[in-house]
Participant: 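Sharing a structure with you now.
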Amino acid sequence: MVSETLAHGSEHSQPRGILRWLLTTNHKEIGTLYLLLSLLMFFVGGTMALIVRAELFQPGMTFVVPEFFNQMTTMHGLIMVFGAIMPAFVGLANWLIPVQIGAPDMALPRLNNFSFWLLPVAFTILLSTLFMEGGGPNFGWTFYAPLSTTYAPPSTSFFILGMHLAGISSILGAINIIATILNLRTPKMRLMDMPLFVWTWLITAFLLIAVMPVLAGVITMMLLDINFGTSFFNAAGGGDPVLFQHLFWFFGHPEVYIMILPAFGIISAIVPTFARKRLFGYASMVYATASIALLSFVVWAHHMFTVGLPLTAQLFFMYSTMLIAVPTGVKVFNWIATLFRGSISFELPMLFALAFIVQFTIGGLSGVMLAIAPADFQYHDTYFVVAHFHYVLVPGAVFAILAAAYYWLPKWTGVYPNVKLGLAHFWLSVIGVNLTFFPMHFSGLAGMPRRIPDYALQFADFNVLSSIGGFLFGMSQLLFVAVVILCARKKGEKAPAQAWEGAEGLEWQLPSPAPLHTFDTPPEFIPERDSPSRH
Amino acid sequence: MHSLLLGSRWLLVLLGFLVTQVQAAAINTSSGWNMPTGVTGISQDIYSLHMIIFWICVAIALVVFGVMFWSLFVYRKSKGAKSAHFHENTTVEVIWTAIPLLILVAMAVPATGTLKQIYDSTEADMDILVTGYQWRWHYEYMEEDISFFSNLGTPQSQVLGEEDKGDFYLLEVDKPLVVPVGKKIRFLFTSNDVIHAWWVPDLAIKKDTIPGFINESWVVIDEPGTYRGQCAELCGQNHAFMPIEVKAVSQETYAAWLEEQREMAAAEAQGSQREWALDELLERGEGVYTTYCAACHQEDGSGMPPAFPALRGNPLVTGEEGYSKHIETVLYGRSGTSMPAYSDTLSVADIAAVITYERNAWGNDSGDRVQPTEISELLSDD
């Protein structure tokens, strides 16, 4: 199929309309599909977050009933993690990995098509549970048993099916990414010459292959408990509810890094471009990423400090968790060293990348606080935790995804994003996101538990701020949609091949917009170590 | 550069808004912004640990962001900055790997000490078994043969905004846990249904209550007072509505309270033997209904169909044929629905009273009287 495509060039007959998108095996089109699905899910999950924030705007049950509130917090988490952030990174991987390593396409194009189209099915099933009798999942995105088994609504089996499909999609996508990176690099590009985005995705893909089957296992055990009378997690039948948490977090903690490592790769591409200076400490960035990935397998029980682990386990997981701060710190220091003595300008992608560095660091530092097990007895399951992981995921991962969109949109569409809209989007997002999540540190420390639809009066003021910020942040994302639509309609300043003055990498040798088929023959690649201009 | 200035103007306006909002919050917030210091040695240790690590993190943030913003300011392209060509330095990498490692070790030492103390629940003076229920707490004084449920004390009308919210909205219970100061109390935690977590910030105890497991924790409270907390693990629809109230009292007051509890238990036992008048049953039944039933079936018996059926005009509750089925439902619950079994939760008098109330309130007017003895007989048949 691939050789046929190459032979016919861009003139081969292509199905039109919906069939084109259903049948496409082109990495750029599939990348676009992933990104659009992710954007749609971002708004679906975001709407749920705003329902939550509307209820929490003031004390009292004012807007929804507690049962529906729980469905909203649960679905918000599931949709954002599995529907918005992960597909966004897979979409970026699809678009960028082949063009960054000089490959004509992904290694397994049909598998690529299948991986994508599993997702709309998965999320249709997942969202349909909201309309079933007894409602959708209402047990939190971490779905702790036995609340999610013995005490779950009847729709839970559909939730499990949806998660299985999303999981299969991730595993297949990861296999494809590994096969592409290991086999299709242009000659002379060694692993240690690859752009960091490719590196971070290679490591992320291995994480996915390692942990998605664990998720599949744990939800299958749930399915058996619910429908076939087993008692994996049912204490009355000799089962163990804590086993669920061990299995879930053995998946769940690496999952957290799956959602942030590709972001590190994006920032490592953008910061050098606009500092006009080579990334500081390339090798240490690779090693730091790999260390974070390895450590992510031995820290899972820091999510379980209050379940009553023995003291030695508590100490082990506290120390191993604290260790993660070291390679993470190295990454932040390297970015700052890249800025140091650069020639810095502040285009849209750079603004998002710089905001990422600051806000991600705030989330990282509250992570260090949470690692301290005795203090975690006070932080655990409060809004302090909500503040922490949202700082890593929203002003962190989401900002990195937005930075990537602003950075590569000229390559994808051939026009620069609208600067005025982009700036408004940036500043409103920064204000909105910090207004939403910063006060949560205080409400959490003051004692507000997470996942409650109603709260004591002393938390009222912080919640007003968070709700105002949430709506501001949510509404400002519409500006991003406007930016994307303008680019897609080619309204805006035309971009040359080298869209950003200081950008490095094979993708900038391609015309803007990049044609459907690129690098039919492997491009010439001069490793940085051999390039005289860079030393 | 023009575009950046445009951005800065935006920023100033919004920053101004943010500052006024935060100031407003600071003035209005009666309770703190920070973790409470608490009233036990451990809670104070945890608080100091929290503050030390917080200030270390602030210092790190200041240094990192300081260097970052200084670089952003000084090396602007618009000011003619030319980029340097260096891109690696092993010495620097080693330094900024080693320094954080040392800081972490410095944090780990006191944390380890505190953790060891928290885990030493030996040589306790008394034991209290805490059992989580959907959605209430059950306390059992292991050495005293005293046990009771502790329910949300805030009326539903406050939750729904029909009435002004009290000072301890959602943090008050009908019957608090009473404990003596100065004694080492060991708490044992378990659950009857799903996982809950028993959390009282001032005591710095947060422990999951897990069905089939028994967790433990301990406390010595220094100061008499009322310490409030909440369930901290999502446990279903009324997760937000199962607060904790711990009343720490002097040892003399505690002894008197124990005596009072024993008398009440004796009176209760006697009560379940005798014949009750309709009015008596109705009065008690209304209280039980408000605490245990109204959250789902509503104060006026209208329910929230289809999940929570109406009791008003329900043939099960009004008609003669429904009589035994009604009692059975309250005692053993309805499998496959949210209706729990109350045979272990409520006393026979409570069960008799609430069924009587349901069969006579809101125009149901069946005139039925269910006696505690009838319930006792049914239960002893099993």
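In what follows, chains carry the letters A, B, and so on, assigned in the order in which the sequence lines appear, proteins first and then strands, with residues in each chain numbered from 1. Owing to the predicted nature of the structure, the values given are computational and were not obtained by experimental measurement. Side chains included, hydrogens not; waters and symmetry mates left out as well; all remaining heavy atoms used.
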Participant: Could you go through the side chain to side chain contact (heavy atoms under 4.5 Å, CB included) check for Val332(A) and Val64(B) one step at a time?
Facilitator: CA-CA 8 Å; Val332(A) 174; Val64(B) 171; 4.0 Å; yes
Participant: Measure distances from Asn89(B) to the heavy atoms of chain A and classify the residue's part below 4.5 Å as side chain, backbone, both or neither.
Facilitator: both
Participant: How many angstroms lie between atom CG of Leu315(A) and atom OH of Tyr119(B), to the nearest 0.5 angstrom?
Facilitator: 8.5 Å
Participant: Shorter than 4.5 Å, heavy atoms on both sides: which option in Gln378(A), Arg451(A), His380(A) has the most such pairs with chain B?
Facilitator: Gln378(A)
Participant: Given the ring of Tyr75(B), does Lys277(A) sit roughly above its face, with NZ or CZ under 6.0 Å from the centre of the six-membered ring and within 45° of the axis?
Facilitator: no
Participant: What do the steps show when you test Phe213(B) against Val307(A) for side chain to side chain contact (heavy atoms under 4.5 Å, CB included), and what is the final call?
Facilitator: CA-CA 10 Å; Phe213(B) 279 70; Val307(A) 299; over 6 Å; no
Participant: Quick one: what part of Phe377(A) sits under 4.5 Å from any heavy atom of chain B, side chain, backbone, both or neither?
Facilitator: both
Participant: Using every non-hydrogen atom in the two residues, find where His87(B) and Arg278(A) come nearest and quote the distance to one decimal.
Facilitator: NE2-NH1, 3.1 Å
Participant: Does the side chain of Glu93(B) reach to within under 4.5 Å of the side chain of Phe280(A), using non-hydrogen atoms?
Facilitator: yes
Participant: So which part of Asn334(A) gets closer than 4.5 Å to some heavy atom of chain B, the side chain, the backbone, both or neither?
Facilitator: both
Participant: Relative to chain B, which of Gly135(A), Ser284(A), Ala375(A) shows the most heavy atom pairs under 4.5 Å?
Facilitator: Ser284(A)
Participant: Would Ile195(B) and Gln245(A) count as a side chain to side chain contact (heavy atoms under 4.5 Å, CB included) if you check the C-alpha gap in whole Å, the side-chain angles of each, and the deciding distance to 0.1 Å?
Facilitator: CA-CA 11 Å; Ile195(B) 301 176; Gln245(A) 296 184 29; 3.4 Å; yes
Participant: Roughly how far, to the nearest 0.5 Å, is the CG atom of Asn34(B) from the CG atom of Leu445(A)?
Facilitator: 5.5 Å
Participant: Which region of Ile118(B), side chain (C-beta onward) or backbone (N, CA, C, O), has a non-hydrogen atom less than 4.5 Å from a non-hydrogen atom of chain A, or is it both or neither?
Facilitator: side chain
Participant: Using modelled atom types only, decide if a donor and an acceptor are shared between the side chain of Gln230(B) and the backbone of Met448(A) within a distance under 3.5 Å.
Facilitator: no
Participant: Measuring heavy-atom distances to chain A, does Phe69(B) have an atom under 4.5 Å in its side chain, in its backbone, in both, or in neither?
Facilitator: side chain
Participant: Under 4.5 Å heavy-atom distance to chain B, tell me which part of Ala275(A) shows up: side chain, backbone, both or neither.
Facilitator: backbone
Participant: Near Arg341(A) CZ, under 6.0 Å, is it more than 12 heavy atoms from other residues, nucleotides or ligands?
Facilitator: no
Participant: Examine distances only and state if a side-chain atom of Asp454(A) and a backbone atom of Ala240(B) form a donor-acceptor pair shorter than 3.5 Å.
Facilitator: no
Participant: Would you check if Tyr169(B) and Tyr455(A) make a side-chain contact, meaning some heavy-atom pair closer than 4.5 Å?
Facilitator: no
Participant: Testing the basics here: between Pro449(A) and Ala232(B), what is the closest heavy-atom pair and its distance to 0.1 Å?
Facilitator: CB-CA, 4.5 Å
Participant: For side chain to side chain contact (heavy atoms under 4.5 Å, CB included), just list the numbers for Phe65(B) and Ile362(A), CA-CA rounded to whole Å, side-chain angles, deciding distance to a tenth of an Å, and then say yes or no.
Facilitator: CA-CA 10 Å; Phe65(B) 298 151; Ile362(A) 294 175; 4.2 Å; yes
Participant: Picking from Thr150(A), Val65(A), Val242(A), Thr73(A), which has the most non-hydrogen pairs under 4.5 angstrom with chain B?
Facilitator: Val242(A)
Participant: Got Phe69(A) and Gln237(B) here, is their nearest side-chain heavy-atom distance under 4.5 Å?
Facilitator: no
Participant: Which one wins on heavy-atom pair count under 4.5 Å against chain B: Pro374(A), Gly308(A), Pro66(A)?
Facilitator: Pro374(A)
Participant: Would you give the length of the straight line joining atom CG of Leu323(A) to atom CG of Leu101(B), rounded to the nearest 0.5 angstrom?
Facilitator: 6.5 Å
Participant: I'd like to know which of Val358(A), Asn70(A), Val326(A), Ile452(A) tops the heavy-atom pair count under 4.5 Å against chain B.
Facilitator: Val358(A)
Participant: A side-chain contact here means heavy atoms from C-beta on lying under 4.5 Å apart; do Ile60(B) and Leu365(A) qualify?
Facilitator: yes
Participant: How many angstroms lie between atom CG of Leu234(B) and atom CZ of Phe139(A), to the nearest 0.5 angstrom?
Facilitator: 10.0 Å
Participant: Below 30° counts as parallel, above 60° as perpendicular, anything between as tilted: where do the rings of Tyr379(A) and His50(B) land?
Facilitator: perpendicular
Participant: Would you say Thr306(A)'s side chain and Lys207(B)'s backbone share a donor-acceptor pair under 3.5 angstrom?
Facilitator: no
Participant: What distance do Leu49(B) atom CG and Met369(A) atom CE have between them, rounded to the nearest 0.5 Å?
Facilitator: 9.5 Å
Participant: Could you tell me which non-hydrogen atom of Thr382(A) sits nearest to which non-hydrogen atom of Trp199(B), and how far apart they are?
Facilitator: CG2-CH2, 3.3 Å
Participant: Does Ser345(A) offer a backbone N or O that forms a donor-acceptor pair with the side chain of Lys77(B) under 3.5 Å?
Facilitator: no
Participant: Within a strict 4.5 Å, meaning less than it, do heavy atoms of the Thr62(A) and Leu160(B) side chains meet?
Facilitator: no
Participant: Say you draw a straight line from CG of Leu339(A) to OG of Ser83(B); how long is it, rounded to the nearest 0.5 Å?
Facilitator: 12.0 Å
Participant: Quick one: does Tyr319(A)'s side chain get under 4.5 Å of Thr112(B)'s, heavy atoms only?
Facilitator: yes
Participant: When you look at CG of Asp164(B), are more than 12 heavy atoms from neighbouring residues, nucleotides or ligands closer to it than 6.0 Å?
Facilitator: no
Participant: Just give me the residue among Pro100(B), Gly212(B), Ala111(B), Pro243(B) that pairs up with chain A most often, heavy atom to heavy atom, under 4.5 Å.
Facilitator: Ala111(B)
Participant: Are Met68(B) and Thr361(A) packed together at the side-chain level, in the sense that at least one heavy-atom pair is separated by less than 4.5 angstrom?
Facilitator: no
Participant: Identify which of Tyr144(A), Phe384(A), Phe426(A) forms the greatest number of heavy-atom pairs closer than 4.5 Å to chain B.
Facilitator: Tyr144(A)
Participant: Could you tell me which portion of Asp208(B) (side chain, backbone, both or neither) has an atom closer than 4.5 angstrom to a non-hydrogen atom of chain A?
Facilitator: both
Participant: Below 4.5 Å from any heavy atom of chain B, which atoms of Asn138(A) appear? Answer side chain, backbone, both or neither.
Facilitator: backbone
Participant: What are the two closest heavy atoms between Ser343(A) and Ala81(B), and how far apart are they?
Facilitator: OG-O, 2.8 Å
Participant: Quick check: do Gln134(B) and Leu147(A) have side-chain heavy atoms less than 4.5 Å from each other?
Facilitator: yes
Participant: Locate the shortest heavy-atom distance separating Pro211(B) from Pro241(A); write the atom from each residue and the value.
Facilitator: O-CG, 3.6 Å
Participant: Which atom names give the shortest non-hydrogen contact between Pro453(A) and Phe241(B), and what distance separates them?
Facilitator: CG-CE1, 4.5 Å
Participant: Which bit of Pro310(A) is near chain B, if near means a heavy-atom gap under 4.5 Å: side chain, backbone, both or neither?
Facilitator: backbone
Participant: Could you tell me which portion of Glu501(A) (side chain, backbone, both or neither) has an atom closer than 4.5 angstrom to a non-hydrogen atom of chain B?
Facilitator: side chain
Participant: Go through the atoms of Ala460(A) and report whether side chain, backbone, both or neither lie under 4.5 Å from a heavy atom of chain B.
Facilitator: neither
Participant: Given a strict heavy-atom distance threshold of 4.5 Å, which part of Leu348(A) is in contact with chain B: side chain, backbone, both, or neither?
Facilitator: neither
Participant: Is Lys79(B) in contact with chain A via its backbone, its side chain, both, or neither, using a 4.5 Å heavy-atom distance?
Facilitator: neither
Participant: Parallel under 30°, tilted from 30 to 60°, perpendicular over 60°: which one fits the rings of Phe333(A) and Trp96(B)?
Facilitator: tilted
Participant: With a 4.5 angstrom heavy-atom cut-off, which part of Met322(A) approaches chain B: side chain, backbone, both or neither?
Facilitator: both
Participant: Is it the case that the ring center of Phe462(A) lies less than 6.0 angstrom away from the ring center of Trp33(B)?
Facilitator: yes
